[in-house]
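Working notes, structure below.
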Amino acid sequence: TIKLNKMKKHTINYTQLFNLFCEKEASWNYNFETPFKQDGFYYATDRHSLISMPDKSELDFKELDKPNIEAILPTEFHPPIEIDIKELKQKLIEKTPLVDEKKEEDKKCKECDGDGYLECDLGHEHDCHKCDGEGTVVCKELTGNKIPDKEAVFKYRDFYLKQFELDRLVKACEMIGVNKIHKVAGIGTRSLYFKAGDFYILVMACVNVGDRAIEL
């Protein structure tokens with residue numbers, strides 16, 4: 001008898017995938033620290049990139065009616081441009097410059113000796129101007145390691161993106177389980193719109209890059 005090898009079905013961790021696009025800290029007007037649902041779609045955004053998927057899975061995402069996400073999505077499309085994710089990943093690995101790694105640590109403020117306040121000439125206590133009353137300041141120290149420069153700007157095909165945006169795009173596609181995606185909108189400085197399987201990913205393009213861009 002001949003045994004046929006069954007292909008293992010790819011399982012998507014939707015929470016992990018959508019959290020990849022959430023903002024790290026809530027802003028004053030809208031909280032996008034977690035994925036959400038709106039008008040029949042699931043979304044996650046950090047205001048620089050956005051991922052969306054039609055509501056066809058039972059995901060426990062909160063419902064938001066504002067802001068109107070559909071209003072920021074592209075309305076003009078171009079013929080699909082295919083992108084090989086494995087090729088893009090390899091080029092990123094090869095061409096991303098390395099920079100010194102810096103570790104952030106909270107240290108006692110020397111200005112106020114960690115009290116968080118200073119006494120003025122009139123004898124009144126005021127928040128320390130150096131640490132804003134926290135008593136600690138964030139210091140960056142070199143670790144001795146080299147890491148990829150997340151702020152490096154790349155030119156790939158007809159668009160410009162920072163390293164961390166391209167890297168996130170690659171990671172998202174790997175989590176989705178696709179090797180090929182298509183850019184379907186975004187020319188010049190307009191937002192770039194990619195279709196990856198059942199998902200759409202919107203990324204803000206870089207502008208005013210000058211001669212900084214590294215060709216991929």
Residues E165, R168: salt bridge by 4.0 Å N-O rule: yes
Residues, nucleotides or ligands: over 12 heavy atoms within 6.0 Å of N13 CG: yes
For Q163, which of I214, V153, T96, D149 qualifies under side-chain contact (heavy atoms from CB on, under 4.5 Å)? T96
With the 4.5 Å side-chain cut-off for hydrophobic clustering, are L20 and L166 part of the same group? yes
Ignoring hydrogens and geometry, is there a side-chain-to-backbone donor-acceptor pair from K195 to G197 under 3.5 Å? yes
Verify side-chain contact (heavy atoms from CB on, under 4.5 Å) between D158 and I81, making sure each step is shown before the conclusion. CA-CA 10 Å; D158 62 342; I81 299 172; 4.3 Å; yes
Shortest non-hydrogen separation from A172 to I201 and the atoms involved: CB-CD1, 4.1 Å
For the pair D115 (side chain) and Y117 (backbone), establish whether a donor and an acceptor sit closer than 3.5 Å, ignoring hydrogens and angles. no
Examine F41 and L73 and state if one hydrophobic cluster contains both, with Ile, Leu, Val, Met, Phe, Trp and Tyr joined whenever side-chain heavy atoms are less than 4.5 Å apart. yes
Please report the shortest heavy-atom distance between L92 and D167, naming the atom on each side. CD1-N, 3.8 Å
Which pairs pass ring pair (Phe, Tyr, Trp, His ring centres under 6.0 Å) with one or both residues in residues 195-216, sequence neighbours excluded? Y193-Y200
Suppose we screen for side-chain hydrogen bond (donor to acceptor under 3.5 Å, both in side chains). Which residues come up paired with K155, at least two apart in sequence or across chains? none
Polar side-chain atom of K95 near backbone of E215 as donor-acceptor pair, under 3.5 Å: yes
Verify, without hydrogens or angle tests, whether Q38 (side chain) and P67 (backbone) share a donor-acceptor contact under 3.5 angstrom. yes
Does atom CD (E101) have a neighbourhood of more than 12 heavy atoms from anything else shown, all under 6.0 Å? yes
Could I get the full list of side-chain hydrogen bond (donor to acceptor under 3.5 Å, both in side chains) partners for S191, not counting sequence neighbours? none
Take atom CD of E82 as the centre, draw a 6.0 Å sphere, and report whether it contains more than 12 heavy atoms from other residues, nucleotides or ligands. yes
Hydrophobic clustering (ILVMFWY, side-chain heavy atoms < 4.5 Å, transitive) - are F159 and L169 grouped together? yes
For D55 and Y42, run side-chain contact (heavy atoms from CB on, under 4.5 Å): C-alpha distance rounded to whole Å, both residues' side-chain angles, the deciding distance at 0.1 Å, then the answer. CA-CA 6 Å; D55 175 13; Y42 294 119; 2.8 Å; yes
Check ring pair (Phe, Tyr, Trp, His ring centres under 6.0 Å) between F21 and all other residues, then give those that pass, not counting sequence neighbours. none
Would you confirm whether H182, through its side chain, and P79, through its main-chain N or O, come within 3.5 Å as a donor-acceptor pair? no
Stepwise, does the side-chain contact (heavy atoms from CB on, under 4.5 Å) test hold for M175 with Q16? CA-CA 9 Å; M175 294 168 75; Q16 187 178 4; 3.4 Å; yes
Where the side chain of D46 meets the backbone of H48, is there a donor-acceptor pair that is under 3.5 Å apart? yes
Joining Ile, Leu, Val, Met, Phe, Trp and Tyr whenever any side-chain heavy atoms lie under 4.5 Å apart, the cluster holding V99 also takes in I147
Could you walk me through whether E151 and K162 satisfy the side-chain contact (heavy atoms from CB on, under 4.5 Å) test, starting with their C-alpha distance in whole Å, then the side-chain angles of each, then the deciding distance to 0.1 Å, before giving a yes or no? CA-CA 6 Å; E151 295 298 316; K162 286 190 176 182; 2.6 Å; yes
Test of understanding: clusters of I, L, V, M, F, W, Y form through side-chain heavy atoms closer than 4.5 Å, transitively. Do M204 and F194 belong to the same one? no
Who are the ring pair (Phe, Tyr, Trp, His ring centres under 6.0 Å) partners of Y14, not counting sequence neighbours? none
Are I69 and F77 joined in one hydrophobic group, where the rule is that I, L, V, M, F, W and Y side chains link up if heavy atoms are under 4.5 Å apart? yes
